[in-house]
Amino acid sequence: MSAVSATAQRPSVLLLGGTSEGYELASALAARRQWHTINSLAGRTEQPRRPAGETRIGGFGGVAGLAAWLRAHAIRATLDATHPFAATMGWHAAAACAQAGVPLLRLERPPWTAVPGDNWHEVADWPAAVERLRHLNARRVLLAVGRQELAPFAQLDQAWFLIRCVTPPLPLPPFAAAEVRLARGPFTLADERALLDTYRIDAIVCKNSGGDATVAKLVAARERGLPVILQRRPPRPPTMTVTDIDAALAWLERVTKPAGE
Ligand code: NAP
């Protein structure tokens with residue numbers, strides 16, 4: 001059988017990625033060889049980790065663009081493994097899949113939840129985080145919010161910021177005092193303890209991303225009684241959701257099974 005006809009016989013699946021679980025799911029799908037998977041990345045990161053299998057990069061052009069793309073590629077199922085803070089793509093996927101009659105499943109890591117000893121200040125958005133930093137009179141802040149979301153913090157000129165991100169923030173908003181530290185998780189507890197102590201950090205600002213890769217800073221903050229200003233996750237459509245890859249594979253198996261089997 002030729003590679004082309006083998007691909008043609010396998011159900012096509014769209015995997016919306018850009019996360020570690022998207023990457024892991026792509027590897028699991030490639031290993032099963034049961035589906036023809038097209039991974040989709042938004043194109044925000046200059047040198048993204050390329051998932052296993054075919055990859056396309058860039059937006060679809062809103063709901064209508066995605067619905068047309070799903071039809072044109074005869075997609076049989078869509079897996080949304082975008083980041084919990086990717087606030088738009090999930091809504092677009094839900095609307096487009098409904099229009100095109102394509103089953104949709106969300107794969108999402110659970111949020112972190114506070115445990116005794118945590119000094120968390122949960123906020124809905126960054127302006128609220130700025131107000132909270134002012135209120136706490138924070139002076140040395142670890143800012144782990146993503147390079148495109150720094151601007152609201154630049155108005156706080158009484159604080160020094162350690163800005164941690166994967167790609168350089170260019171242009172850097174006009175902070176009175178800041179240092180950029182380029183780093184990609186996972187981060188160990190030893191690394192995070194050393195970082196907080198070396199830079200004498202007195203507050204952390206981050207998103208409630210969940211997962212293991214970046215949780216160590218919360219543990220190190222708890223040990224030191226430091227305040228953590230945590231952005232809550234944005235609202236999502238009521239898409240069926242699983243938290244692990246095996247459950248996603250089982251769902252995919254079910255929805256792509258030929259009729260009558
Ligand atoms: P977003 O606000 O939900 O999406 C904005 C637009 O980017 C979407 O409307 C869509 O454009 C395009 N897009 C998003 N994800 C895409 C994907 N996987 N494939 C193709 N197009 C995609 O998302 P965002 O916050 O800008 O994040 C962009 C990507 O970075 C996401 O894939 C996400 O998984 C990843 N990421 C985000 C964060 C975060 O904190 N936001 C953190 C880590 C990773 P069209 O409307 O043109 O289709």
Side-chain angles (χ1 to χ4, degrees), residues 12-26 29 37-73 75 77-100 102 104-109 111-112 123-126 129 143-153 163-167 169 182-187 204-215 217 229-237 239 241 248:
S12 291
V13 170
L14 172 64
L15 170 52
L16 299 166
T19 53
S20 49
E21 42 280 80
Y23 185 89
E24 284 158 25
L25 181 53
L29 290 169
T37 307
I38 305 174
N39 297 288
S40 179
L41 303 177
R44 301 279 190 281
T45 310
E46 271 166 32
Q47 289 172 325
R49 279 169 88 198
R50 301 285 294 211
E54 187 177 327
T55 299
R56 65 167 297 287
I57 295 186
F60 296 92
V63 174
L66 178 54
W69 191 96
L70 293 170
R71 289 193 186 99
H73 291 79
I75 296 296
T78 298
L79 295 156
D80 172 11
T82 56
H83 193 267
F85 281 85
T88 312
M89 195 65 232
W91 293 94
H92 285 192
C97 286
Q99 273 182 29
V102 173
L104 170 67
L105 183 77
R106 167 108 181 117
L107 172 65
E108 183 175 284
R109 55 186 109 150
W112 295 313
V123 295
D125 53 31
W126 295 139
L143 201 50
V145 300
R147 73 188 163 112
Q148 283 158 343
E149 301 177 47
L150 300 168
F153 297 93
I163 296 167
R164 181 162 73 185
C165 44
V166 175
T167 313
L182 297 181
R184 189 195 290 263
F187 302 108
I204 297 176
V205 185
C206 63
K207 300 174 177 180
N208 192 338
S209 298
D212 297 334
T214 58
V215 74
K217 62 179 175 290
I229 296 149
L230 206 63
Q231 190 186 21
R232 282 185 216 104
R233 293 182 172 189
R236 290 219 152 254
T239 302
T241 300

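Atoms within each ligand, like the ligands themselves, are counted from 1 in listed order.
With a 4.0 Å heavy-atom cut-off, ligand 1 is reached by the backbone of His83 and by its side chain too. Contact annotation for Leu66 and ligand 1: no heavy atom of the residue comes within less than 4.0 Å of the ligand. Contacts between Ala87 and ligand 1, counted as non-hydrogen atom pairs separated by less than 4.0 Å, involve the backbone only.
Taking distance alone, with nitrogen or oxygen atoms compared against 3.5 Å, Phe60 approaches ligand 1 more closely than that limit. Any N or O atom pair closer than 3.5 Å counts here, and Thr19 shares no such pair with ligand 1. Close N/O approach between Arg44 and ligand 1 is found [any backbone or side-chain N/O within under 3.5 Å]. Residue contacts with ligand 1: Ser40 is placed with a nitrogen or oxygen under 3.5 Å of a nitrogen or oxygen of the ligand (distance criterion only).
Closest to atom 35 (C) of ligand 1 among all protein heavy atoms lies Gly18 O, 3.6 Å.
Distance alone, capped at 3.5 Å, is enough to place a donor-acceptor pair between the Arg233 side chain and the Asn208 backbone. In terms of modelled atom types and a separation under 3.5 Å, the side chain of Thr82 and the main chain of Leu16 share no donor-acceptor contact.
For the atom pair CZ of Arg109 and OG of Ser209, the computed distance is 6.0 Å after rounding to the nearest 0.5 Å. Of the inter-residue distances, the one linking Thr55 atom OG1 with Arg50 atom CZ reads 5.0 Å to the nearest 0.5 angstrom. The distance from the CZ atom of Arg164 to the CZ atom of Phe187 is 4.0 Å, given to the nearest 0.5 Å. Residue Leu150 holds its CG atom at 5.0 Å from CD1 of Ile163, rounded to the nearest 0.5 Å.
Contact between Ala81 and ligand 1 is absent, with no heavy atom of the residue lying under 4.0 Å from the ligand. Judged by the shortest distance from any of its heavy atoms, Gly17 lies inside the 4.0 Å radius around the atoms of ligand 1.
Listed by number with element, the atoms of ligand 1 under 4.0 Å from a non-hydrogen atom of Gly59 are 11 (O), 21 (N), 45 (P), 47 (O), 48 (O). Which parts of ligand 1 touch Gly62 is read off a 4.0 Å heavy-atom cut-off, strictly below it: atoms 45 (P), 46 (O), 47 (O), 48 (O).
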May I have the list of side-chain donor-acceptor pairs in residues 88-95 shorter than 3.5 Å, sequence neighbours left out?
unit_1, atom_1, unit_2, atom_2, d
Trp91, NE1, Pro235, O, 3.2

